[in-house]
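Here is how names work: the chains are called A, B, and so on, in the same order as the sequence lines, proteins then strands, and each is numbered from 1.
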Amino acid sequence: MADTARDPPPESTDFQELEDGEDLFPEPAATQESGPASLPAEDISTNSNGPKQDSLFDDDPEDLFAEATEEVSLDSPERDVLLSDGPSPAITPITPPTSVITPRIGLAHDDMFTHSSFDEIEEEEGGDSFDIHIAVSDPEKVGDGMNAYMAYKVTTKTSLSLFKTDEFSVKRRFSDFLGLHSKLASKYLHIGYIVPPAPEKSIVGMTKVKVGKEDQSSNEFVEKRRSALERYLMRTVKHPILLKDPDVLQFLESSELPRAVSTQALSSAGLLRMVNKAADAVNKMTIKMNESDAWFEEKQQHFENLDVQLRKLHASVESLVCHRKELSVNTAQFAKSAAMLGNSEDHTALSRALSQLAEVEEKIDQLHQDQANADFYLFSELLGDYVRLITAVKGVFDHRMKTWQKWQDSQLLLQKKREAEAKLQFTNKPDKLQQAKDEIKEEIEELEGKVQQGERDFEQISKTIRKEVSRFEKERVKDFKTIIIKYLESLVQTQQQLIKYWEAFLPEAKAIS
Amino acid sequence: GSQHFSELFCILSSEERHQLRSVSVDLNHDASLLIDIPDALCERDKVKFTVHTKTTLSSFQKPEFSVPRQHEDFIWLHDTLVETEDYAGLIIPPAPPKPDFESPREKMHKLGEGEATMTKDEYTKMKQELEAEYLAVFKKTVQVHEVFLQRLSSHPILSKDRNFQIFLEYDQDLTVRRKNAKEMFGGFFKNMVKTADEVLISGIKEVDDFFEQEKTFLLDYYSKIKDSTAKAEKMTRAHKNIADDYIHVSATLNTISADDSTKVEGRVASDQELKLTELLRYYMRDIQAAKDLLYRRARALADYENSNKALDKARLKSKDIPQAEEHQQHCLQKFDKLSESGKKELTSFKGRRVVAFRKNLIEMAELEIKHAKVSSTIQPPAAKGWVCSV
């Protein structure tokens, strides 16, 4: 699986394509050290249990996370299960859905992050050395009934010195992934990092699995989820900052993970709600942000447009998947019908040819199914991922607005206090005067600090977003290109297979005398 | 527009037009009477066919001539043939179905409604697809009307039919004649045949092995081919849906990656299935025509048996014996004639069917291969990046 044993490219040349070059990696700049882990302590703590949102949003009556928290606990019976005892010894390995995933889908299964033939060339030029590969595999049902859950094996292969060994595996369940995301989101989103959203929760899908229905649709669900989890992890570790986060490292490496009990499991839906609330809050602000930087306005518009286009594309591809499945069913039906017609036919050679036609159509039906899978796993799921990613990107822009707002608020407050201080001169209670003066001086000092911090925060988040957006766009273009090429290759393969089938049939047709 | 499609049709290469005449075998090879439909005009869903005849027969006034005909004229001709007693022992070629622009019309409607939500590129491509579909329906209907006439011209008996000649030659509007015909026949026979009583056919005690086998075969084959036709049509429809999806997908994809270097072209060829569907549909109707022949023969047999009973009765009562005897003879002759002619017709029908299937299956397979080869190319990065036809 890991074909990523690459030598790191020579520094100078291969970073040409990057706009910001070395900026992508955390540099020992003035205001921060090796990463957000050591950002001003008041904002962030590295405590991995529970999001530390209190300090930054202290003054904010609308604690956005609180909303999300409430929402999530209501809609996740899964989470309640977490509080119960550990897994019962009954472990049922799930048979890979062979009807869904045929050997050819090894294409999709190898996941989009491995390289297709064309990609190799691109990679050389792009100069991305990325020496870590994560696989999510072996879904196993643990337990029975409504307490059951799926455990996945997470295998990391890497040569990065960040890790203790080259290759290691751990077992994780879905809520662990959600827990990881929630921690990362709470630490990084509000300072401008685009944190990849976790895969969608699905009550219906999961229930089927729990109840023990091992049929096509529940197998498909498990595979869909497995694939989504894998993409999620890969995206996360591809982020140079997130890769180094201790929670990520712990997630990948440690055999025992503290159960994400008190962590608010932020589902994508919850995240979306949160972001929407942020957006609403921002819109409700009467003070319009004075955008001194056209870049941000331009980029925001760009992402709005991209959002619309991606949703449209996603819808079209979903329609494609649906129709192709329909075609597959129709082809199978026709094959049967043609076989019956062949039986009915009294002319021997023609009868034989019709039977052969039926066989060809049956094989073609299988091709259609495989293609539908490729449509889905390569294309449709990628688009779904990006629709969610764009939401995260928009959220980050909104956080910048909030940061600006906070800064402005502090400034306003400072202004008021200074005015109050000035007014104090004219008070006629001399005994209390000194005390009041001292108090106000203290407050003013504090506020001045806050204003400075606010300005720094705003500058920092702006800077971070610029980097993030540039990185994001680069990734997106690369992702899309890779997927499209892979997808096209799958289409080509289908056509070539079709040629084989029809070429085999042709002599049969000619043999009719 | 009305001009549009005839121009499109005329533009087709002669090879393409030759390919159209593939449902039945090459019928148009007897130089004494050559018929084709070189042009057709589509005006609001009403199609005007130009029927062109080239002949060496003296029964015609001119050696070469063309007349305009509507679909209803073809139906009139078909019905008069069906209702002609002398042809009761023949398989009358199935009437061409009415031109059906329902599907593309619906699509055009949807296109108009959805125009606002599409990019210019998307809209153009959808429009192209729509035009292609109109053209396909148009081509189909021309072909099927043409084959009908060619079946007649290549039949030793039917080609000499008086009404057929009128159809080909009469340079005025046939509408008046059609109205008269309706009054004359009242569509009696046609209706009877329509309710081609399978019960009657299967119920008759068959004396002839040949017909016994044919009956069994045709009844069974008909239901199977009807089913296959329906299933083939569903396949074709699903393919069309996918083609439409690809248009949207490639258009949106290109919008998104406008500044990237990936460009995808969506163009799905789906007409290879059309061949199969058309073949099946045609022979479904042809077999119906063969069944109709069996039905007429069965009726004649029933009449004959009834006449026997009547003769016995007459003998018993010693009344009207000569009339009864004459009637019985008449029925027997009719029945024998139908049987003899029917046997010939059904035998040649079988041969015709096998040849047509062979030709069509070969052509379909070749088309599939051709299209798959075209579709399976990804061109390496050009100046603007990848271009792939799917």
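- Under a 4.0 Å N-O distance rule, the pair B:Glu233/B:Arg281 qualifies as a salt bridge.
- Looking at A:Leu350, only its side chain comes within 4.5 Å of chain B, counting heavy atoms on both sides.
- Interface summary for chain B: among A:Thr331, A:Asp346, A:Leu354, the most heavy-atom pairs under 4.5 angstrom belong to A:Asp346.
- Note: A:Glu345 leads A:Arg324, A:Glu345, A:His314 in heavy-atom pairs under 4.5 Å with chain B.
- Ion pairing between A:Glu304 and A:Lys394 holds under the 4.0 Å rule for side-chain N and carboxylate O.
- A salt bridge links B:Asp286 to B:Arg151: at least one charged side-chain nitrogen sits closer than 4.0 Å to a carboxylate oxygen.
- Your options are A:Lys336, A:Gln333, A:Gln497, and the one with the most heavy-atom pairs under 4.5 Å with chain B is A:Gln333.
- Under a 3.5 Å cut-off, the side chain of A:Ser351 and the backbone N or O of A:Gly342 do form a donor-acceptor pair.
- Looking at B:Asp244 and B:Lys110, no side-chain N of the basic residue comes within less than 4.0 Å of a carboxylate O on the acidic one, giving no salt bridge.
- Residues in residues 490-512 of chain A take part in these salt bridge (Lys or Arg N to Asp or Glu O under 4.0 Å) pairs, two or more places apart or across chains: A:Arg352-A:Glu508, A:Glu503-B:Lys373.
- In this structure, chain B has a heavy atom under 4.5 Å from the side chain of A:Tyr487, while its backbone stays farther away.
- The contact between B:Tyr221 and chain A is made by backbone and side chain atoms together, counting heavy-atom distances below 4.5 Å.
- If you measure heavy-atom distances from A:Leu310 to chain B, the contacts under 4.5 Å come from both the backbone and the side chain.
- Ranking B:Gln213, B:Arg237, B:Glu122 against chain A, the residue ahead of the rest is B:Glu122, based on heavy-atom pairs under 4.5 Å.
- The residue among B:Lys350, B:Lys234, B:His248, B:Glu366 with the most heavy atom pairs within less than 4.5 Å of chain A is B:Lys234.
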